[in-house]
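Per chain, numbering begins at 1; letters A, B, ... match sequence-line order.
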Amino acid sequence: MKHRIAEILTGGVAVGARVTVEGWIRTRRASKAGLSFLAVHDGSCFDALQVVAPAELPGYAEVVLHVVTGCAVRVTGEVVASQGKGQPVEVRAEAIEVVGWVDDPETYPMQPKRHTMEYLREVAHLRPRTNVIGAVTRVRHTLAMAVHRFFHERGFVWIHTPIITASDAEGAGQMFRVSTLDAANPPRTAGGAVDWNQDFFGKEAHLTVSGQLNVETYCMAMSRVYTFGPTFRAENSNTRRHLAEFWMIEPEIAFADLADDAQLAEDFLKAIFTTLLDERRDDLAFFAKHVDPGCQARLAGLVESRFERMEYGDAVRTLERSGKRFEFPVRWGMDLQAEHERYLTEEVVKGPIAVVNYPKEIKAFYMRLNDDGKTVAAMDVLAPGIGELIGGSQREERLDVLDARLDELGLDKQTYGWYRDLRRYGTVPHAGFGLGFERAIQYATGIENIRDVIPFPRAPRQADF
RNA sequence: UCCGGAGUAGCUCAGUGGUAGAGCAGGCGGCUGUUAACCGCCGGGUCGGGGGUUCGAAACCCUCCUCCGGAGCCA
């Protein structure tokens, strides 16, 4: 009977049972006169299964002794208590079939040793076979499922907001153009400009930079909604925290204010990380041992503590009084720099912190103006080592105030016609936030470069595979 | 985009002007239960590309490419 390796290693299969496992060879340790040990992994858990192949096995010399790292095998044998240390049970093979050989072992890119993350990125099609990327992949999946479970259990509805958008003024950064026109020879108007009217959508179109504006419409009907999908930014940003294509989670809640929003963010992060701690102990133990010794304690600490809340004004005062010399000066009205965020999270609070009520000048048009007329009900959740993990706000639900903001910023009211309609027909206070999914994975695992927590990273000059 | 660092064997790296090295991986041999096994032998190089200086360049100079870290932008 076929079994996943996770079942066997967690005691789900009785000692003495006959099993068949299918997977890939991680290492082979051979003893010419005696027997061979094969470490087989199938992705179902962190640990590989130890398969013991006795020399009497049919085809031992021809097959088993030539198996190398990367070979795909099918093993049938008996589950036995292990004589060695390092695993409770192993499989004593009665038959080993090589399903797929490694053509040229000398050039097979994966070796049973530690590779650099930079090198693994160059072989993105084979890196999921490694310990570290395998662990990241399971963590990513577990967190994704936890996200949906969290929202589903609280009555949120998952909204599939569009990937392609024709409203190019969302203001969240550079966008990728979507077009079917011949780039080398586009149709022109009489005036010589590119005639977008002849393009597929009859107007300029781009890949979305956020599902928020669209999801707000469903929030005004379903009350509690969220998006979870890919997002695209054409910024030429070359850092370990940015991707051109990444996944974002954006809940939106009706009849809610900024305090509700911050509470949701806190409950949400605690819930998904609690799930991760429960379900992926094996992978987290690996990250703690080889990547980031503090990752488990950091997660455990987060789920137990209450998030610190801090007014933007207080944050600025704290920084001013710190006596610390910052490269960029701190002054009310300026956005917090990376070095400021690091100081607040890593030295003052030593944990996640929600900074609220920022000056309106440095935030988006849709954020709700506070009574002081100077700040908006915005919120950034900052995390040590990551920076901004969540950005959110209460939305401006008053049409006259929203229009005044659009005018102030010189934005075209017609472009936002349907968005303004929401304020004309049954408007209610509402709020939401955006979480960069990859940043959450980075936070959980301690993986430093965001390109290593997504299967196929897209970044400037990087779209291979 | 700006600043800094790096590019030498399949991988990780050493090599500061005088004929290209190590460990791991691979092949062969040895070893009765190993844990990234161990021991011996062998094969393996456009020193990122181009140009220059020099009797002689992996090394020094110019230039381009790629990657990494930091900053900005942000999630």
Colleague: Has A:Y119 got a side-chain atom pairing as donor or acceptor with A:P109's backbone, closer than 3.5 angstrom?
Modeller: yes

Colleague: With a 3.5 angstrom cut-off on both distances, give the Watson-Crick or G-U wobble partner of B:rG27, or none if there isn't one.
Modeller: B:rC41

Colleague: Sticking with atom C1', work out how far B:rA57 lies from B:rG17, rounded to a whole angstrom.
Modeller: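 7 Å, rounded to whole Å.
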
Colleague: Only counting residues at least two apart or in another chain, list the ones meeting ring pair (Phe, Tyr, Trp, His ring centres under 6.0 Å) with A:H340.
Modeller: A:F326

Colleague: Summarise how protein sits on nucleotides 65-72 of chain B as a single string, 5' to 3': B when a protein heavy atom is under 4.0 Å from the base, S for sugar-phosphate-only contact, - for no contact.
Modeller: -SSSSSBB

Colleague: Do A:Y419 and A:Y366 have their ring centres less than 6.0 Å from each other?
Modeller: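 No, too far apart.
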
Colleague: Starting at CD1 of A:I390 and ending at P of B:rA75, how long is that distance when rounded to a whole Å?
Modeller: 11 Å

Colleague: Write down the distance separating the C1' atoms in B:rG7 and B:rC13, rounded off to the nearest Å.
Modeller: 12 Å

Colleague: Side chain of A:Q83 only, please: which of B:rA75, B:rU35, B:rG33 is the nearest?
Modeller: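 Per side-chain heavy atoms of A:Q83, the pick is B:rG33.
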
Colleague: Any idea which of B:rG33, B:rA75, B:rU12 is nearest the A:R92 side chain?
Modeller: B:rG33

Colleague: Which base sits across from B:rU1 as a Watson-Crick or G-U pair, both distances under 3.5 Å?
Modeller: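 Pair assignment: B:rU1 / B:rA71.
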
Colleague: Return the 5'-most residue of the pair A:Y119, A:G84 with respect to RNA chain B, ranking by each residue's nearest nucleotide.
Modeller: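 First, find each residue's nearest nucleotide; the 5'-ward one identifies A:Y119.
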
Colleague: Given side chains that start at C-beta, do those of A:R29 and A:Q50 come closer than 4.5 Å, heavy atoms only?
Modeller: yes

Colleague: My understanding is that a pair needs two contacts under 3.5 Å, Watson-Crick or G-U wobble. By that rule, which nucleotide pairs with B:rU35?
Modeller: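 Partner of B:rU35: none found under 3.5 Å.
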
Colleague: Using the six-membered base ring of B:rA75, report whether A:F246 stacks on it, requiring centroids under 5.5 Å and planes under 30° apart.
Modeller: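 Yes.
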
Colleague: Nearest whole angstrom, please: distance from the P of B:rA36 to the CD1 of A:I25.
Modeller: 16 Å

Colleague: Respond yes when some side-chain nitrogen or oxygen of A:T231 is under 4.0 Å from OP1 or OP2 of B:rA75, and no when none is.
Modeller: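 So the side-chain polar atoms of A:T231 never come under 4.0 Å of the phosphate oxygens OP1 or OP2 of B:rA75.
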
Colleague: Starting from C1' on B:rU34, measure out to CZ on A:F37 and report it in whole angstrom.
Modeller: 4 Å

Colleague: Would you mind reading off the distance between A:M110 atom CE and B:rA36 atom P, rounded to a whole angstrom?
Modeller: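 It is 19 Å, rounded to the nearest whole Å.
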
Colleague: In plain terms, say whether A:R451 and A:E438 are close enough for a salt bridge, that is, a side-chain N and a carboxylate O under 4.0 Å apart.
Modeller: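 No, A:R451 and A:E438 are not salt-bridged.
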
Colleague: Determine the Euclidean distance between corresponding P atoms of B:rC24 and B:rA20; express it in Å to zero decimal places.
Modeller: 24 Å

Colleague: Rounding to the closest angstrom, what is the interatomic distance between B:rG49 and B:rC65 at atom C1'?
Modeller: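 Looking at atom C1' only, B:rG49 and B:rC65 are 7 Å apart.
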
Colleague: When you measure from the side chain of A:V68, which nucleotide among B:rG33, B:rG27, B:rA75 comes out closest?
Modeller: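 The answer is B:rG27, which lies nearest to the side chain.
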
Colleague: I'd like the P distance from B:rC64 over to B:rC2, given in whole Å.
Modeller: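 These two P atoms come out 11 Å apart once rounded.
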
Colleague: Tell me whether the OP1 or OP2 atom of B:rU34 has a side-chain N or O from A:R29 closer than 4.0 Å.
Modeller: no

Colleague: If I pick the C1' atom on B:rA37 and the same atom on B:rA71, what distance separates them, to the nearest angstrom?
Modeller: 47 Å

Colleague: For B:rA25 and B:rC38, measure between their P atoms and round to the nearest Å.
Modeller: 6 Å

Colleague: Give A:Q442 one of three labels, base, sugar-phosphate or nothing, depending on what nucleic acid heavy atoms sit under 4.0 Å from its own.
Modeller: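 Nothing, no heavy atom under 4.0 Å.
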
Colleague: What's the closest nucleotide to the side chain of A:R114 if the choices are B:rU35, B:rA36, B:rU12?
Modeller: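 Among B:rU35, B:rA36, B:rU12, the one nearest the side chain of A:R114 is B:rA36.
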
Colleague: Taking CZ from A:R26 and C1' from B:rA36, how many angstroms apart are they, rounded to a whole number?
Modeller: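 For the pair A:R26 CZ and B:rA36 C1', the rounded distance is 11 Å.
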
Colleague: Kindly point out which of B:rU35, B:rG27, B:rA75 is positioned nearest to the side chain of A:Q50?
Modeller: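 Nearest listed nucleotide: B:rU35.
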
Colleague: Per the side-chain hydrogen bond (donor to acceptor under 3.5 Å, both in side chains) rule, which among A:E216, A:Q394, A:R395 passes with A:H430?
Modeller: A:E216

Colleague: Reckon A:E438 touches a base, only the sugar-phosphate, or nothing at all at heavy-atom distances under 4.0 Å?
Modeller: nothing

Colleague: Using a distance-only test with no angle check, is there a side-chain donor-acceptor pair under 3.5 angstrom linking A:T76 and A:E94?
Modeller: no

Colleague: Rounded to the nearest angstrom, tell me the gap between atom OH in A:Y108 and atom C1' in B:rG26.
Modeller: 14 Å

Colleague: Determine whether the side chains of A:T375 and A:N370 contain a donor N or O and an acceptor N or O closer than 3.5 Å.
Modeller: yes

Colleague: Out of the candidates A:L207, A:T208, A:T165, only one should pair with A:M175 under the side chain to side chain contact (heavy atoms under 4.5 Å, CB included) rule; please name it.
Modeller: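 For A:M175, the side chain to side chain contact (heavy atoms under 4.5 Å, CB included) test succeeds with only one of A:L207, A:T208, A:T165, which is A:T165.
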
Colleague: What distance separates A:R233 CZ from A:S210 OG, expressed to the nearest 0.5 Å?
Modeller: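 Separation between the atoms: 6.5 Å.
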
Colleague: When rounded to the nearest Å, what value does the distance between P atoms of B:rG48 and B:rG43 take?
Modeller: 25 Å

Colleague: Without decimals, in angstroms, what is the distance between A:M175 CE and B:rC73 C1'?
Modeller: 15 Å

Colleague: Need the pair for B:rG7. Rule: Watson-Crick or G-U wobble, both distances under 3.5 Å, any strand; none if unpaired.
Modeller: B:rC65

Colleague: Considering every strand shown, what is the Watson-Crick or G-U wobble mate of B:rC60 when both distances are under 3.5 Å?
Modeller: B:rG52

Colleague: Which base, if any, makes a Watson-Crick or G-U wobble pair with B:rA22, both distances under 3.5 Å?
Modeller: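 Its partner is B:rU12.
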
Colleague: Have a look at A:T116 and say if it touches a base, only the backbone sugar-phosphate, or nothing, with a 4.0 Å heavy-atom cut-off.
Modeller: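 If one applies the 4.0 Å heavy-atom cut-off, A:T116 turns out to touch the sugar-phosphate alone, with no base involved.
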
Colleague: Round to the nearest Å and state the distance from A:R28 atom CZ to B:rA25 atom C1'.
Modeller: 13 Å

